[in-house]
Amino acid sequence: MAEVGQTDMIERDLCSIIRSWPLCEHDGNEHVVITHCQLPNGSLVKVRVRRSGNGWIVSDGGAALDEAIASGVERPTFGMNIRRVLRNKGLTFAEGRIESPRIGEESLFNAVVVIANTSRDIAESLIYLGSTFAEETLEIRTRKILIGRFHSWVSAK
């Protein structure tokens with residue numbers, strides 16, 4: 001059993017480890033915050049924070065849209081249901097990015113969490129709605145996989 005002093009040391013060590021994680025970095029005039037929220041492909045959501053007047057704007061940098069396109073969705077669409085979800089959370093969709101309104105410094109943490117979770121949820125929705133996987137037969141899916149992976153060895157016919 002650990003003594004009181006040892007427990008404090010373990011907790012301090014864990015906190016110092018967590019502080020050493022690269023959670024925030026600069027990218028031009030924006031800050032990129034690496035969250036603990038996972039996209040469908042397993043990568044972590046990177047939220048972008050930029051100064052806007054006397055406040056801040058938080059966005060996903062287009063992560064949800066990029067994730068859908070990378071997953072094979074040919075034309076991801078932000079339909080009425082997705083736009084309604086964004087509007088209910090007080091967010092907007094601008095130039096491929098999910099964005100918060102201008103917020104104060106005291107709301108930055110909450111905005112980063114909301115944007116990261118929303119980006120993940122929207123990416124999952126776009127992939128699910130844009131996927132034709134369920135409509136295709138096993139033969140067609142197998143052919144697409146083989147042609148995509150071994151295009152020089154497998155005939156498209």
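Excluded from the calculations below are hydrogen atoms, water molecules and symmetry mates; all remaining heavy atoms, backbone and side chain alike, are included. The structure displayed is predicted, hence computed values, not measured ones.
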From [X] atom [atom1] to [Y] atom [atom2], the distance as rounded to the nearest 0.5 Å:
X      : Y      : atom1 : atom2 : answer
Thr92  : Arg83  : OG1   : CZ    : 9.5 Å
Leu86  : Ser100 : CG    : OG    : 12.0 Å
Arg97  : Leu65  : CZ    : CG    : 11.5 Å
Asn110 : Ile103 : CG    : CD1   : 8.5 Å
Glu67  : Arg120 : CD    : CZ    : 12.0 Å

### Query
Centre of Trp56's six-membered ring, under 6.0 Å away, within 45 degrees of the axis: is that where NZ or CZ of Arg51 sits?
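Yes; both conditions hold, so Arg51 lies above the ring face of Trp56.
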Minimum side-chain heavy-atom gap [X]-[Y] below 4.5 Å:
X      : Y     : answer
Leu126 : Val73 : no
Ile122 : Ile98 : yes
His31  : Glu25 : no
Gln38  : Leu44 : yes

- Item | Residue list, salt bridge (Lys or Arg N to Asp or Glu O under 4.0 Å) with Arg50, at least two apart or on another chain |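 For Arg50, the residues satisfying salt bridge (Lys or Arg N to Asp or Glu O under 4.0 Å) (neighbours in sequence not counted) are Glu99.
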Contact summary for [X] and [Y], nearest pair of heavy atoms:
X     : Y      : value
Gly96 : Asp60  : O-OD1, 4.5 Å
Cys37 : Asn117 : SG-OD1, 3.3 Å
Gly61 : Arg48  : CA-CD, 3.6 Å
Gly90 : Pro101 : O-CD, 3.1 Å
Ile57 : Arg102 : CG1-CA, 4.1 Å

**Asked** Just by modelled atom types, is the Ile115 backbone N or O under 3.5 Å from a matching donor or acceptor in the Ser119 side chain?
**Response**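 Not at all, since once roles are kept as given, no pair shorter than 3.5 Å links the two residues.
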Any side-chain to backbone donor/acceptor pair from Thr35 onto Val45? Under 3.5 Å, distance only.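 Such a contact is found between Thr35 side chain and Val45 backbone.
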| message | Does Lys46 have more than 12 heavy atoms from other residues, nucleotides or ligands lying within 6.0 Å of its NZ? | response |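 No, the 6.0 Å shell around NZ holds no more than 12 heavy atoms from other groups.
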